[in-house]
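Just so it is clear, the model here is predicted, and its values are computed rather than measured.
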Amino acid sequence: MSYPSVSTFSLVALDPQNGSLGVAVASRFIAVGGVVPWAKAGVGALATQSYANTTFGPRAFAMLEEGRGLEAVHQHFQATDPELALRQYGAVAQDGSSLSFTGEGCHPWAGGRFGPGYAAQGNLLAGPEVVEAMAETFLASSLPFPQRLLAALAAGDEAGGDRRGRQSAALLVVAEGRGYMGFNDRWLDLRADDHPEPIGELRRLLGLHQIYMEKPSRPPKVLEPDEVRWLQEVLSRRGLRAAPVSGVWDGPTAAGLKALYASDNLSGRWLEGPQVDPDAWEYLRRALG
């Protein structure tokens with residue numbers, strides 16, 4: 001049986017601040033998140049694409065755990081995969097070392113760029129500017145790690161992306177103990193499997209994940225007057241009643257947040273009474289940018 005080429009662009013990276021590892025990927029290929037991204041907390045991350053060999057991730061991680069480096073991993077792939085010329089992959093180890101490989105049989109334009117803590121690559125792209133845009137955006141960004149990965153992916157898309165168009169995208173981020181209830185390391189595993197604007201859909205899903213799955217990152221505070229005005233303007237633009245809004249909240253309340261974000265992130269809803277729902281300012285800023 002023959003399989004289509006996973007022609008795509010991806011960024012694999014390490015967060016030097018806390019050791020998180022992640023892969024962001026987009027493609028004119030259905031459900032790219034089920035094929036390309038691989039990551040193991042404390043070990044490494046890898047994107048396999050262009051007639052992807054999905055054994056690369058587990059095999060690379062096993063070798064890294066044995067203390068062997070990415071160059072040894074690549075040599076192993078060369079020795080064991082007779083179709084390596086058709087493959088493309090990028091990898092980052094927990095120590096920040098990285099590698100990007102593009103086989104000579106990959107569909108042009110194809111290539112990659114890598115450096116400490118990141119590897120950007122793609123094939124069947126509009127041109128090298130796609131990879132450059134991803135790398136430069138990632139290196140220049142000060143956003144939190146997941147948003148930084150998405151920003152880099154969006155920059156690649158804006159630079160031309162997959163020359164066939166858009167269909168799917170995925171974001172995988174791992175960190176020790178960051179999975180649901182702390183039972184595993186899968187912090188984020190978000191996928192837009194078939195969508196006209198898959199990267200925008202990933203951004204929406206990331207906002208929802210932060211609302212429902214993550215604790216507020218800062219303690220209660222009093223909102224500044226301009227923040228209150230901004231919140232009222234957001235509500236008004238979303239077709240909400242411009243209820244009086246005070247500048248204080250005192251902790252998360254699941255019921256309040258569910259009411260606030262029901263029906264397409266606020267659409268058709270309103271806030272009751274004079275006080276902002278608990279944590280509304282922070283969650284609105286996260287979700288709506």
Side-chain angles (χ1 to χ4, degrees), residues 1-14 21-40 43-66 68-93 97-115 117-128 130-132 134-135 138 149 152-153 156 160-165 167-172 174 191 193:
M1 180 182 293
S2 63
Y3 291 91
S5 170
V6 189
S7 304
T8 187
F9 54 104
S10 65
L11 179 76
V12 184
L14 167 75
L21 291 153
V23 181
V25 57
S27 180
R28 181 67 171 83
F29 180 92
I30 191 167
V32 71
V35 177
V36 170
W38 297 81
K40 188 170 184 178
V43 179
L46 181 143
T48 175
Q49 53 206 52
S50 180
Y51 302 101
N53 186 330
T54 55
T55 71
F56 278 5
R59 288 161 61 192
F61 301 154
M63 292 182 67
L64 290 172
E65 288 180 302
E66 293 171 356
R68 303 169 72 181
L70 287 177
E71 186 55 41
V73 170
H74 179 59
Q75 291 174 5
H76 172 68
F77 291 165
Q78 285 181 309
T80 59
D81 188 343
E83 296 187 309
L84 194 68
L86 298 175
R87 319 290 190 203
Q88 183 178 57
Y89 80 91
V92 174
S97 59
S98 62
L99 179 66
S100 183
F101 168 78
T102 300
E104 60 185 14
C106 293
H107 297 298
W109 188 89
R113 169 180 163 179
F114 63 98
Y118 80 93
Q121 49 281 315
N123 61 95
L124 205 65
L125 301 183
V130 177
V131 167
E132 290 300 316
M134 284 193 294
F138 179 77
L149 291 171
L153 196 67
D162 186 328
R163 72 186 192 196
R164 300 168 302 170
Q167 186 170 6
S168 68
L171 175 66
L172 174 64
V174 298
R191 306 180 186 190
D193 285 343

Point-to-point distance, once rounded to the nearest 0.5 Å, from [atom1] of [X] to [atom2] of [Y]:
{"X": "Leu125", "Y": "Thr8", "atom1": "CG", "atom2": "OG1", "result": "8.0 Å"}
{"X": "Lys40", "Y": "Glu65", "atom1": "NZ", "atom2": "CD", "result": "3.5 Å"}
{"X": "Leu149", "Y": "Leu171", "atom1": "CG", "atom2": "CG", "result": "6.0 Å"}
{"X": "Trp38", "Y": "Thr55", "atom1": "CH2", "atom2": "OG1", "result": "8.5 Å"}
{"X": "Leu172", "Y": "Leu46", "atom1": "CG", "atom2": "CG", "result": "11.0 Å"}
{"X": "Arg59", "Y": "His76", "atom1": "CZ", "atom2": "NE2", "result": "4.0 Å"}

Exercise: identify the closest heavy-atom pair between [X] and [Y]:
{"X": "Ala72", "Y": "Arg68", "value": "CB-CB, 4.2 Å"}
{"X": "Ala110", "Y": "Thr102", "value": "CB-CG2, 3.8 Å"}
{"X": "Val130", "Y": "Gly161", "value": "CG2-N, 3.4 Å"}

Would you mind reporting whether [Y] and [X] have side-chain heavy atoms less than 4.5 Å apart?
{"X": "Gln167", "Y": "Ile30", "result": "yes"}
{"X": "Val35", "Y": "Phe29", "result": "yes"}
{"X": "Met134", "Y": "Phe9", "result": "yes"}
{"X": "Gln49", "Y": "Phe56", "result": "no"}

Problem set entry | Pair Glu83-Tyr51, side chain to side chain contact (heavy atoms under 4.5 Å, CB included): steps then yes or no | CA-CA 9 Å; Glu83 296 187 309; Tyr51 302 101; over 6 Å; no

Measure from the side-chain N and O atoms of [X] to the backbone N and O of [Y], and report whether any donor-acceptor pair falls under 3.5 Å.
{"X": "Arg164", "Y": "Arg28", "answer": "yes"}
{"X": "Ser27", "Y": "Ser168", "answer": "no"}
{"X": "Thr48", "Y": "Thr54", "answer": "no"}
{"X": "Ser100", "Y": "Phe114", "answer": "no"}
{"X": "Ser98", "Y": "Gly117", "answer": "no"}
{"X": "Gln78", "Y": "Leu84", "answer": "no"}

Exercise. Given the rule in the ring-ring contact (aromatic ring centres under 6.0 Å, His included) test, do Phe77 and Tyr89 qualify, once you have shown the distances and angles that lead to the verdict?
Worked result: CA-CA 11 Å; Phe77 291 165; Tyr89 80 91; 5.4 Å; yes

Exercise. For atom CD of Glu104, is the number of surrounding heavy atoms from other residues, nucleotides or ligands below 6.0 Å larger than 12?
Worked result: no

Problem set entry | Side-chain donor-acceptor pair present, Gln121, Ser10, cut-off under 3.5 Å | yes

Exercise. Ion pair present between Asp193 and Arg191, side-chain N to carboxylate O less than 4.0 angstrom?
Worked result: no

For this session: Take Leu70 and Leu64 through the test side chain to side chain contact (heavy atoms under 4.5 Å, CB included) and record every step on the way to the result.
Result: CA-CA 7 Å; Leu70 287 177; Leu64 290 172; 4.1 Å; yes

